[in-house]
Amino acid sequence: MPTLPPYIPDGLDEGLIRQVVFGFYDQVRADAELAPVFDARIPPEAWPHHLETMCDFWSSVLMRTGRYHGRPMPKHLALPELNDAHFHRWLSLFRTTVRDLCPPAVADLFLDRALNIAQAFRLQMAIRDGRDALGVHPFTEADLTPAA
(Lines give C-alpha, C1' and ligand atoms only; values in the text may rest on other atoms or scores of the structure.)
Protein backbone atom coordinates (compact mmCIF):
# COMPACT_ATOMS: atom_id res chain seq x y z
CA MET A 1 0.00 0.00 0.00
CA PRO A 2 1.56 3.34 -0.98
CA THR A 3 2.08 5.93 1.71
CA LEU A 4 0.58 9.35 1.39
CA PRO A 5 2.93 12.29 1.06
CA PRO A 6 3.16 14.47 4.16
CA TYR A 7 0.87 17.46 4.46
CA ILE A 8 3.13 20.44 3.87
CA PRO A 9 1.37 23.78 4.15
CA ASP A 10 2.22 26.58 1.72
CA GLY A 11 5.29 28.46 2.87
CA LEU A 12 6.93 25.59 4.74
CA ASP A 13 10.39 24.85 3.41
CA GLU A 14 13.89 24.17 4.66
CA GLY A 15 14.73 27.87 4.71
CA LEU A 16 11.84 28.66 7.01
CA ILE A 17 12.68 25.74 9.29
CA ARG A 18 16.22 27.07 9.55
CA GLN A 19 14.95 30.59 10.28
CA VAL A 20 12.68 29.26 13.06
CA VAL A 21 15.37 27.06 14.62
CA PHE A 22 18.04 29.75 14.63
CA GLY A 23 15.64 32.48 15.78
CA PHE A 24 14.18 30.33 18.52
CA TYR A 25 17.51 29.20 19.93
CA ASP A 26 18.77 32.79 19.90
CA GLN A 27 15.91 33.49 22.31
CA VAL A 28 16.60 30.36 24.38
CA ARG A 29 20.27 31.24 24.76
CA ALA A 30 19.31 34.70 26.06
CA ASP A 31 16.55 33.46 28.37
CA ALA A 32 17.22 33.60 32.12
CA GLU A 33 15.27 30.40 32.80
CA LEU A 34 16.36 28.22 29.86
CA ALA A 35 19.90 29.39 29.07
CA PRO A 36 21.45 27.82 32.19
CA VAL A 37 20.03 24.38 31.30
CA PHE A 38 21.49 24.56 27.80
CA ASP A 39 24.75 26.25 28.82
CA ALA A 40 25.47 23.45 31.29
CA ARG A 41 25.41 20.90 28.47
CA ILE A 42 26.20 22.61 25.19
CA PRO A 43 29.53 24.43 25.06
CA PRO A 44 29.69 27.49 22.78
CA GLU A 45 31.68 25.66 20.10
CA ALA A 46 29.02 22.89 19.93
CA TRP A 47 26.11 25.23 19.17
CA PRO A 48 26.54 25.20 15.37
CA HIS A 49 26.26 21.40 15.37
CA HIS A 50 23.27 21.49 17.76
CA LEU A 51 21.45 23.99 15.55
CA GLU A 52 22.04 21.86 12.44
CA THR A 53 20.75 18.83 14.35
CA MET A 54 17.64 20.77 15.33
CA CYS A 55 17.10 21.77 11.69
CA ASP A 56 17.31 18.08 10.76
CA PHE A 57 14.90 17.22 13.58
CA TRP A 58 12.24 19.73 12.51
CA SER A 59 12.69 18.87 8.84
CA SER A 60 12.02 15.23 9.72
CA VAL A 61 9.06 16.06 11.95
CA LEU A 62 7.36 18.50 9.58
CA MET A 63 8.40 17.35 6.13
CA ARG A 64 9.25 13.68 6.78
CA THR A 65 12.68 14.05 5.23
CA GLY A 66 14.21 11.40 7.48
CA ARG A 67 17.30 13.50 8.12
CA TYR A 68 17.14 13.18 11.91
CA HIS A 69 18.18 9.86 13.43
CA GLY A 70 18.70 10.79 17.07
CA ARG A 71 16.97 9.77 20.26
CA PRO A 72 16.08 12.94 22.16
CA MET A 73 14.06 11.33 24.96
CA PRO A 74 16.99 9.69 26.83
CA LYS A 75 19.01 12.91 26.66
CA HIS A 76 16.17 14.91 28.20
CA LEU A 77 15.32 12.27 30.80
CA ALA A 78 18.93 12.46 31.99
CA LEU A 79 18.33 16.06 33.13
CA PRO A 80 16.84 15.75 36.64
CA GLU A 81 16.37 19.51 36.94
CA LEU A 82 14.10 19.68 33.87
CA ASN A 83 10.52 20.39 34.92
CA ASP A 84 7.15 21.61 33.65
CA ALA A 85 8.16 25.26 34.10
CA HIS A 86 11.01 24.72 31.62
CA PHE A 87 8.65 23.18 29.08
CA HIS A 88 6.13 25.97 29.59
CA ARG A 89 8.81 28.59 28.96
CA TRP A 90 10.24 26.65 26.00
CA LEU A 91 6.79 26.38 24.42
CA SER A 92 6.02 30.05 25.10
CA LEU A 93 9.21 31.16 23.34
CA PHE A 94 8.59 28.66 20.54
CA ARG A 95 5.03 29.89 20.04
CA THR A 96 6.20 33.49 19.81
CA THR A 97 8.89 32.52 17.29
CA VAL A 98 6.63 30.55 14.97
CA ARG A 99 3.78 33.07 15.17
CA ASP A 100 6.23 35.87 14.31
CA LEU A 101 8.03 34.08 11.46
CA CYS A 102 5.57 31.70 9.83
CA PRO A 103 2.34 31.87 7.87
CA PRO A 104 -0.57 30.84 10.14
CA ALA A 105 -0.92 27.26 8.81
CA VAL A 106 2.82 26.64 9.19
CA ALA A 107 2.87 28.14 12.69
CA ASP A 108 -0.10 25.92 13.61
CA LEU A 109 1.74 22.82 12.38
CA PHE A 110 4.98 23.72 14.20
CA LEU A 111 3.12 24.45 17.41
CA ASP A 112 0.95 21.34 17.22
CA ARG A 113 4.03 19.16 16.90
CA ALA A 114 5.89 21.04 19.66
CA LEU A 115 2.97 20.68 22.07
CA ASN A 116 2.74 16.94 21.36
CA ILE A 117 6.48 16.44 21.75
CA ALA A 118 6.52 18.38 25.02
CA GLN A 119 3.66 16.28 26.36
CA ALA A 120 5.47 13.05 25.52
CA PHE A 121 8.57 14.31 27.36
CA ARG A 122 6.53 15.51 30.34
CA LEU A 123 4.78 12.13 30.63
CA GLN A 124 8.10 10.26 30.57
CA MET A 125 9.54 12.64 33.16
CA ALA A 126 6.56 11.99 35.44
CA ILE A 127 7.12 8.25 35.12
CA ARG A 128 10.85 8.72 35.75
CA ASP A 129 10.09 10.73 38.88
CA GLY A 130 7.45 8.29 40.18
CA ARG A 131 4.60 10.75 39.69
CA ASP A 132 1.14 9.90 38.38
CA ALA A 133 1.32 10.47 34.62
CA LEU A 134 -2.48 10.80 34.49
CA GLY A 135 -2.08 14.10 36.30
CA VAL A 136 0.14 15.54 33.55
CA HIS A 137 -2.33 17.55 31.52
CA PRO A 138 -1.21 18.73 28.09
CA PHE A 139 -0.38 22.37 27.59
CA THR A 140 -2.44 24.18 24.97
CA GLU A 141 -1.57 27.36 23.16
CA ALA A 142 -3.95 29.22 25.47
CA ASP A 143 -1.82 28.11 28.46
CA LEU A 144 1.31 29.74 27.07
CA THR A 145 2.43 33.20 28.10
CA PRO A 146 3.71 35.76 25.62
CA ALA A 147 7.49 35.71 25.43
CA ALA A 148 9.00 38.99 26.60
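Atoms considered below: every heavy atom in the structure, side chains included; atoms not considered: hydrogens, waters and symmetry mates.
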*Would F94 and W58 count as a ring pair (Phe, Tyr, Trp, His ring centres under 6.0 Å) if you check the C-alpha gap in whole Å, the side-chain angles of each, and the deciding distance to 0.1 Å?*
CA-CA 13 Å; F94 194 77; W58 282 106; 5.2 Å; yes
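Under the 4.5 Å side-chain criterion, counting only non-hydrogen atoms from C-beta, Q119 is in contact with L123. Proximity of T53 to H49: side-chain heavy atoms (C-beta onward) are separated by under 4.5 Å at one or more points. By the 4.5 Å heavy-atom criterion applied to side chains, H86 and L79 are not counted as neighbours. Looking only at side-chain heavy atoms (C-beta outward), E14 and T65 come within less than 4.5 Å of each other. Counting only heavy atoms from C-beta outward, the side chains of H50 and Y25 approach each other to under 4.5 Å. Looking at F110 and L62, their side chains come closer than 4.5 Å, going by heavy atoms from C-beta outward. In this structure the side chain of H88 reaches within 4.5 angstrom of the side chain of T145, judged on heavy atoms.
Neither V136 nor L82 shares a network with the other; the hydrophobic side chains, linked directly or stepwise wherever heavy atoms of I, L, V, M, F, W or Y lie under 4.5 Å apart, form separate groups for each. Placement of V98 and I8 within a single hydrophobic cluster is found when ILVMFWY residues are connected by side-chain heavy-atom separations under 4.5 Å, directly or transitively. Residues W47 and F22 fall within the same hydrophobic cluster, defined by Ile, Leu, Val, Met, Phe, Trp and Tyr side chains chained together at heavy-atom separations under 4.5 Å.
Of all heavy-atom pairs between P36 and D31, the closest is CD-O, 3.9 Å. Shown here for R95 and L144, the closest heavy-atom pair between the two residues is NH2-O, 3.6 Å. Of all heavy-atom pairs between R122 and R131, the closest is O-NH2, 4.5 Å. Between A126 and A133 the shortest heavy-atom distance is CB-CA, 4.2 Å. Residues C102 and A107 share a closest heavy-atom pair of CB-N, 3.7 Å.
Separation of atoms CD (Q124) and CE (M73) is listed at 5.0 Å; rounding is to 0.5 Å. If you take CG on D56 and NE2 on H69, they are separated by 8.0 Å, rounding to the nearest 0.5 Å. Rounded to the nearest 0.5 Å, atoms CD (Q27) and OG (S92) are 10.5 Å apart. Note that CE of M125 and CG of N83 are 6.5 Å apart. Values are rounded to the nearest 0.5 Å. Distance check: C55 SG to I17 CD1 gives 8.0 Å after rounding to the nearest 0.5 Å. For the atom pair T97 OG1 and D26 CG, the distance stands at 9.0 Å (nearest 0.5 Å).
Among D108, L109, L115, the one residue that satisfies the side-chain contact (heavy atoms from CB on, under 4.5 Å) test with L111 is L115. Checked against P103 for a side-chain contact (heavy atoms from CB on, under 4.5 Å), the options D10, L16, L12 give a single hit: L16.
With hydrogens and angles disregarded, a donor-acceptor distance shorter than 3.5 Å links the side chain of N116 to the backbone of D112. Under the 3.5 Å distance criterion, the side-chain polar atoms of R128 are matched with a main-chain donor or acceptor of L77.
For H76, the ring pair (Phe, Tyr, Trp, His ring centres under 6.0 Å) test picks out F121, with sequence neighbours left out. In this structure, the ring pair (Phe, Tyr, Trp, His ring centres under 6.0 Å) partners of F57, at least two apart in sequence or on a different chain, are Y68.
When only modelled atom types and interatomic distance are considered, R67 and S60 share no side-chain donor-acceptor pair under 3.5 Å.
Aromatic rings from F139 and W90 are positioned such that their centres are separated by 6.0 Å or more.
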